[in-house]
Amino acid sequence: MRTSGITTEEQQFAQELLDFIDESPSSFHVVESVKEILILHEFKELALEKKWSLLAGGKYFVTRNSSALIAFIVGEGEPDLYGFHLIGTHTDSPSFRIKPLSEIPVEGHYLKLNVETYGGPILNTWLDRPLSLAGRIVLRGESPFTPQIKLYHSDRPLLVIPNLGIHMNRKVNEGLELNKQKDMLPLLTQITDDLQTEGILIRHLAETLGCPSEDILDFDLFLHEYEKGCLIGLQKEYISSGRLDDLAMVHAGTKALASSKPALMTQVLACFDHEECGSTSKQGAASPFLAHILERILLAQKKDRESYFQALAHSFLISADMAHALHPNAGEKHDPVNRPILNGGPVIKISANQSYTTDAESAAVFEALCKQAGIQFQKFVNRSDERGGSTIGPISSTHLDIRSVDIGNPVLAMHSVRELGGVKDHLAIANIFAMFYKTL
């Protein structure tokens with residue numbers, strides 16, 4: 001399979017993705033970035049605790065935990081006849097979360113932070129890089145049940161996880177197993193006589209927010225790479241960035257929904273949190289979050305539960321996550337014949353053991369959409385002796401009885417601090433999502 005040259009439109013849309021990722025260093029920031037796009041396109045936010053009144057063709061979104069979001073355009077047709085067209089994504093990426101009481105002094109000279117691994121990062125890719133912090137800070141509110149939430153994103157690199165020099169680790173290039181508790185703790189600062197080390201992180205956060213330290217009750221803070229993503233390659237055909245998995249799908253899905261016109265079916269974008277650690281949270285795909293929102297959409301249109309189940313029977317879900325591309329230095333790790341490449345088009349992911357929800361019928365639906373949009377597609381299956389990953393697709397299928405396909409754009413170095421994707425693929429998947437939202 002050969003790909004044609006990269007167009008200016010494709011490069012511009014890839015740069016939009018890089019800007020989106022740069023503004024979204026944590027799942028909390030991802031939701032804010034998505035909200036900004038939706039609000040510009042006249043979507044209105046709904047409160048979960050209030051009764052809804054929805055209009056046909058109306059544009060709405062809801063959030064949960066400030067880290068998950070579901071947006072939708074109410075269908076103009078009868079919901080029990082036309083159902084939902086859904087795209088499912090996730091806002092989180094592998095990283096490291098700061099633990100409580102995080103400061104660890106080292107022999108009176110260094111101060112490092114205690115962190116817990118989140119998800120499944122490729123550990124060694126995080127070494128020797130400028131790192132920063134992002135997430136949310138919880139402040140004292142008017143009552144114990146109404147704390148204030150502030151987003152935090154350091155505007156400069158704060159941390160580094162240094163490698164051990166080769167002279168002290170002569171066999172490092174023969175393979176090294178890193179211990180998550182011992183080897184992955186980031187260095188924060190040098191201890192000096194006038195530096196008060198105890199509570200230094202809380203004081204830094206308080207200074208940044210302009211509030212007293214005692215007002216900070218807790219935080220959800222994660223490490224992220226400080227350096228921005230970029231387009232690389234002789235033809236600028238590749239996207240080099242952290243968190244392509246899964247912010248590329250979040251960005252493409254958001255842009256597709258935001259630009260969609262109302263249709264007979266209800267168009268839905270679900271951005272879940274915690275996919276990288278199992279989805280078992282109130283804002284994850286294993287929760288009833290999506291099922292409840294879909295039912296409330298019908299209830300707000302004076303429909304009953306019977307109509308809801310009829311709507312599900314007319315619905316279709318695209319579970320959108322990234323896929324493995326053929327590795328130029330490790331071709332033996334791939335299936336002998338199903339070998340997706342960067343810039344070769346979106347990938348349909350298939351697993352006999354249901355790690356992905358794709359079956360022949362749902363694959364055929366996605367293939368037809370690709371052909372209708374004039375976009376080539378690829379297929380991915382793991383080597384039969386390799387255990388692959390999974391997605392929100394199978395999890396969502398345990399809660400929603402609807403047809404579903406697992407797809408994604410091909411990437412290299414999945415779960416590295418810096419992944420590699422294809423410029424052509426990103427615009428291609430956005431165009432397919434747009435086709436999906438308007439096609440019955």
Side-chain angles (χ1 to χ4, degrees), residues 1 3 75 77 81-89 246 248-249 252-253 256-257 260 263-270 285 290 294 309-326 334-341 343-382 384 388-410 422 424-440:
M1 179 189 299
T3 59
L81 296 179
Y82 296 100
F84 306 97
H85 279 198
L86 305 102
I87 295 173
T89 66
D246 190 34
M249 297 295 98
L257 182 67
S260 292
L264 290 172
M265 64 289 199
T266 296
Q267 304 138 307
V268 183
L269 173 68
L290 178 57
L294 298 183
F309 288 119
Q310 288 179 279
L312 294 184
H314 290 286
S315 299
F316 195 95
L317 167 68
I318 293 179
S319 170
D321 211 334
M322 305 305 273
H324 293 288
L326 174 67
H334 298 265
D335 181 78
V337 292
N338 295 285
R339 302 163 77 84
I341 62 168
N343 291 311
V347 178
I348 300 171
K349 301 191 288 186
I350 301 165
S351 168
N353 294 306
Q354 295 302 294
S355 294
Y356 309 121
T357 59
T358 308
D359 56 29
E361 182 187 6
S362 63
V365 170
F366 189 78
E367 291 172 20
L369 289 171
C370 290
K371 292 175 181 177
Q372 191 168 333
I375 293 169
Q376 61 187 13
F377 59 88
Q378 310 177 86
K379 292 187 177 181
F380 171 83
V381 186
N382 279 295
S384 297
S390 189
T391 69
I392 64 169
I395 295 171
S396 297
S397 292
T398 65
H399 295 271
L400 292 170
D401 180 18
I402 64 177
R403 292 186 296 169
S404 177
V405 64
D406 267 283
I407 61 92
N409 274 346
K424 292 183 72 66
D425 296 327
H426 189 55
L427 181 59
I429 196 66
N431 287 337
I432 293 172
F433 287 167
M435 182 69 69
F436 172 65
Y437 277 140
K438 69 182 182 181
T439 304
L440 280 174

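- In this structure, NE2 on His324 lies 8.5 Å from NE2 on His334, to the nearest 0.5 angstrom.
- Pro346 approaches Asn409 most closely through the heavy-atom pair CA-OD1, 3.6 Å.
- Atom NE2 of residue His85 and atom CG of residue Leu264 lie 10.0 Å apart, to the nearest 0.5 angstrom.
- Within the 3.5 Å criterion, the main-chain N or O of Ser355 finds no donor-acceptor partner in the side chain of Asn353.
- Asn338 places none of its side-chain heavy atoms less than 4.5 Å from the side chain of Phe380.
- Of the possible polar contacts, none joining the Ser362 side chain to the Thr358 backbone as a donor-acceptor pair under 3.5 Å is found.
- Between Ile429 and Ile407, the closest side-chain pair of non-hydrogen atoms falls below 4.5 Å.
- Closest of all the heavy-atom pairs between Met322 and Lys349 is O-NZ, 2.9 Å.
- Thr89 contributes a side-chain N or O that, together with a main-chain N or O of Ala270, makes up a donor-acceptor pair within less than 3.5 Å.
- Distance NE2/His314 to CG/Leu312: 10.5 Å, rounded to 0.5 Å.
- Pro340 pairs in a side-chain contact (heavy atoms from CB on, under 4.5 Å) with only one of the listed residues (Val347, Ile348, Asp425), which is Val347.
- Around atom CZ of Phe316, more than 12 heavy atoms belonging to other residues, nucleotides or ligands sit under 6.0 Å away.
- With contacts defined as side-chain heavy-atom distances shorter than 4.5 Å, the pair Gln376/Lys424 does not qualify.
- When all heavy atoms are compared, the tightest approach of Pro410 to Ala325 is CB-CB, 3.7 Å.
- Contact between Val268 and Tyr437 at its shortest, heavy atoms only, is O-OH, 2.8 Å.
- Looking at heavy atoms from C-beta onward, Asp321 lies out of side-chain contact with Asp406 at the 4.5 angstrom threshold.
- Using a 4.5 Å heavy-atom cutoff, the side chains of Gln267 and Phe436 are not in contact.
- Counting heavy atoms from C-beta outward, Val405 and Val365 have side chains that stay 4.5 Å or more apart.
- Separating the CD atom in Gln372 from the NZ atom in Lys438 is a distance of 8.0 Å, to the nearest 0.5 Å.
- Residues Leu317 and Leu400 are not in side-chain contact: their nearest non-hydrogen atoms beyond the backbone lie 4.5 Å or more apart.
- Nearest heavy-atom pair, Tyr356 versus Asn382, reported as atom, atom and distance to 0.1 Å: OH-ND2, 4.3 Å.
- Open room surrounds CG on Asp401; 12 or fewer heavy atoms of other groups in view lie less than 6.0 Å from it.
- When all heavy atoms of Ile432 and Ile375 are compared, the pair lying nearest together is CG1-CD1, 3.6 Å.
- Within the 4.5 Å cutoff, no side-chain heavy atoms of Ile87 are placed close to those of Leu257.
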